[in-house]
Each structure stands twice: as structure tokens, then as C-alpha cells.
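Structure first, commentary second.
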Amino acid sequence: MDWKEKKEISELRQDPVSRDWVIISSGRAQRPEAFKSRDLSARETPVGLCPFENPKEHGNEVVKTYPSDETGWAVQVVKNKFPIIDGQNCAVESKKGPYCVKDNAGYHEVVVFKDHRKTLAQLELSKVEQAVKVYRERYLELSPQACANYILIFHNHGREAGASISHPHSQIMALPFIPSDIRRSLEGSRRYKEERSRCAHCDVLGWELKEKKRVIFENESFAALVPYVPKFSYEVRIFPKSHRSYFEDIDNSEVAGFAEALKTSLAKIYHGLNNPAYNFFIHTPPADRDRDYDYYHWHLEINPRLATWGGFELGTGGEVIDVDPDEAAEYLREIRV
């Protein structure tokens, strides 16, 4: 069958062993010939061709515009033109052999920042605060919607991290399932609380703040640290110092502290590691507030993409970290921003 004649698939499929859900969204795929001609050296989207330079004029459906303190707009939220997930029919499941299948459903938005070249690490603190408020507002807007079991807020920077457009932007997805990484994190946090009657993340944070070896920044409300057991070299995690289960409950007094910790951490990575590709994402409980997730402690993870996974990592799900977390933290801590 000719490639162009193949049927596009948009559905969710669950592995019967791991119980992980996978999104099959073949309409987003590049055709085979595209891989032969693509220029991997091209790293910046030209301003004249950038769909985020003026989102509406480039055919993006604008959900909300946030004004700038000067003139024009500072942030625009648009619907993703090529969504990974879309639709509202998530209730019906079917069986295909041993697999559980249901329609691809949910919401996929893009948070576009005004400046074409300034990364979040380079923005003024007030604009990073605005970004955090936008994340919170969109979370609260999407969480009551049908099929919004989990709200994922993430940011890709650099091609190696999956950013096909260099113009700075974050993404927010409302998913009809709980992602496997979140599920494992929730289960581990619940188990720790049941066994020790304490929050696992509070224990980790308390130990790190006492040791001071891996803390790279802290203010009154938040701490940024290189974890003792990282998943990536120079990984940074940002935690509220007080036990807080839900990101969306962050109030305006906490927004400033979180934004400062985020901007400072990103700036240290930007200057200290020569602007590497990275992903960051917020880990928070599912949107179902009828259940009690008091045992969880929300946080943000920044994962620099400095290495390529090989057979060991892919075959075991484990990581080989080639930089001592203590040395990584010491190096980042000394970067002045």
C-alpha cells in the first residue's frame, strides 16, 4: 500500500502487562521521505516562517491572550494545530485481542511567549511569574472538562528535547488517563506514607536542606536541588518547602518564589551548560479532587538532554549517570546569574 493511502489512526492503547497507555496519533507523523531531506543542523525557526510570531495570523486558534506591561501581548494560549490528543469521546473502551483500546480524547494547548529568541531563562522575573500564573489558570480551566483525568504541563527546549519550533513555548495537555510515570510516583508516595506515616518528598527535601550538598538555590518558599538519585545528569528538581500536594493550589504569594526558583535554575543550566536542550514538567496529582492525594508533594523536574540513551537504558529502563550529583550541584550552585 502506498504511504499516502494508509489510514490515519488516533486512539489510545493499553499494554496488558505494564498497564501503560500509549497514544497512537499517526496523523502527526512525518512521511518517510521527510527524514531523508531534513536538515538536522537547522536549530532556529526563522522569524518570517515562525507560526508563533503572530499566532492568529498563522492560523492558530487563540484560546486566550495575556497583555504585556508595555504594548501588545506577552503570552498567548492557542490550540495545538497538530494535537497529540483531541476529542471528547473517552468513555467507551473496546477490546482488540488482549489489548484495551479507546478513542483518542482530551485537550492540547500551547502557551506561546512573545519574544522569539528569549528563553524562560532569559526573561525578566515578572514574565516568568506571569507564565506560572498562566499555567495555573489553564490547569483550573481544563481540569473540570470531560476526559481530563490528568493535566500535564511541560516545556521542550531544543531539538534534542523535542522542540520542532524554536520560538519559546510550553504545552498543556488534558489526558483521559494517568501517565505511567505519574502512576508510579503516586504509588511510591502512597506506599511510603503508609509504611512511615510521613511524606517521602518531605523527608527527601528535609535531608537535602540539612546536607546542603545538592541544593543549588533556595528562597523562603522553594528549594531547587540536584537529586541524590537523578534520572539525568544535571537534573534539577524544584519543591515547595512546605508540604503542598497540588500545583493548582499555589497562591500569588507562592508564585513569586516558584518563578524565582524556576528562572534561577534554568539560567544556571543555560549559562553553565551552554544552553543545552532540556525538558521540564510539573508533577502533580490527577485532576480528580474527589480522591485524597495528601500523601503526594508536587514538584517540577528539569531534565537536560546531554546524552543519548543506548541499549542498556532502553533495555532496562535504568539510567547511567556520568556526573556525580554532588559535583553537578556544586558546579550549578557556583554559576552566577
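Position 1 is the first residue of the sequence; numbering continues from there.
Panel note: side chain Thr45, backbone Ile165; no donor-acceptor pair is recorded below 3.5 Å. Judged purely by atom type and a 3.5 angstrom limit, Ser143 uses its side chain to pair as donor or acceptor with the backbone of Tyr139. Judged by distance alone, with hydrogens and angles left aside, the side-chain atoms of Glu195 form no donor-acceptor pair with the main-chain N or O of Tyr192 at under 3.5 Å. In terms of modelled atom types and a separation under 3.5 Å, the side chain of His243 and the main chain of Asp294 share a donor-acceptor contact.
Within the structure, the salt bridge (Lys or Arg N to Asp or Glu O under 4.0 Å) test picks out the following pairs touching residues 215-227 (sequence neighbours left out): Lys212-Glu218, Glu218-Lys241. Pairs of residues two or more places apart, or lying in two chains, that qualify as ring pair (Phe, Tyr, Trp, His ring centres under 6.0 Å) and include a residue from residues 193-216 are His201-Phe239, His201-Tyr296, His201-His299, Trp207-Tyr228. Listed by first then second residue, pairs satisfying salt bridge (Lys or Arg N to Asp or Glu O under 4.0 Å) with a partner in residues 252-276 read Arg244-Glu254, not counting sequence neighbours.
For the side chain to side chain donor-acceptor pair (under 3.5 Å) criterion with His167, the lone passing option out of Glu44, Lys114, Arg117, His116 is His116.
With no hydrogens or angles considered, no side-chain donor-acceptor pair links Arg13 and Asn104 at under 3.5 Å. Inspection of the Asn303 and Asn279 side chains reveals no N or O donor paired with an N or O acceptor under 3.5 Å. Gln130 and Tyr66 are not linked by any side-chain donor-acceptor pair at a separation below 3.5 angstrom, with hydrogens and angles left out of the test.
A salt bridge does not link Arg191 to Glu187: none of the charged side-chain nitrogens sits closer than 4.0 Å to a carboxylate oxygen. For Lys210 and Glu208, the salt-bridge test fails: no basic side-chain N is under 4.0 Å from an acidic carboxylate O. With respect to the salt-bridge test (charged N to carboxylate O, under 4.0 angstrom), the residues Glu141 and Lys64 do not qualify. A salt bridge between Asp251 and Arg136 is absent, with no side-chain N of the basic residue lying under 4.0 Å from a carboxylate O of the acidic one. With salt bridges taken as basic N to acidic carboxylate O contacts below 4.0 Å, none links Glu109 and Lys79.
Applying the disulfide bond (SG atoms under 2.5 Å apart) rule to Cys199 yields no partners; only residues at least two apart in sequence or on another chain are considered. Residues satisfying the disulfide bond (SG atoms under 2.5 Å apart) criterion with Cys50, sequence neighbours excluded, are absent altogether. Residues that satisfy the ring-ring contact (aromatic ring centres under 6.0 Å, His included) test with Tyr293, not counting sequence neighbours, are absent from this structure.
Counting heavy atoms from C-beta on, the side chains of Leu152 and Ile172 never come closer than 4.5 Å. Leu205 places a side-chain heavy atom less than 4.5 Å from the side chain of Leu225. Residues Asp288 and Asn149 have side chains not in contact (no heavy-atom distance under 4.5 Å, counting atoms from C-beta outward). In this structure, the side chains of Tyr270 and Tyr278 stay at 4.5 Å or more apart for every pair of heavy atoms. Considering only heavy atoms from C-beta on, Ser265 comes within 4.5 Å of Ile216 through its side chain. Looking at heavy atoms from C-beta onward, Trp73 lies in side-chain contact with Pro55 at the 4.5 angstrom threshold. Contact check for Tyr331 versus Tyr234: side-chain heavy atoms found under the 4.5 Å cut-off. A heavy-atom distance below 4.5 Å is not found between the side chains of Phe154 and Ser170.
Follow the hydrophobic side-chain contacts under 4.5 Å out from Val236 and you reach Val323 in the same cluster.
The CG atom of Asn275 sits 10.5 Å away from the CD1 atom of Ile269 when rounded to the nearest 0.5 Å.
Pairing each heavy atom of Asp86 with each of Pro83, the nearest pair is CB-CG, 3.8 Å. The heavy-atom pair separating His297 from Pro240 by the smallest distance is NE2-O, 2.9 Å.
The 12-atom threshold is exceeded at CD of Glu313, counting heavy atoms of other residues, nucleotides or ligands nearer than 6.0 Å. Other residues, nucleotides and ligands contribute at most 12 non-hydrogen atoms within 6.0 Å of the NZ atom of Lys56.
In this pair, Phe280 and Tyr135 present their aromatic rings perpendicular. The plane angle is above 60°, beyond the 30 to 60° band. Between His169 and His155, the angle of the ring planes lies from 30° to 60°, which puts this pair in the tilted group.
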Legend entry - CA sep, side-chain torsions, deciding dist, call: Lys231, Asp181, side chain to side chain contact (heavy atoms under 4.5 Å, CB included): CA-CA 12 Å; Lys231 297 178 181 178; Asp181 193 39; 3.4 Å; yes
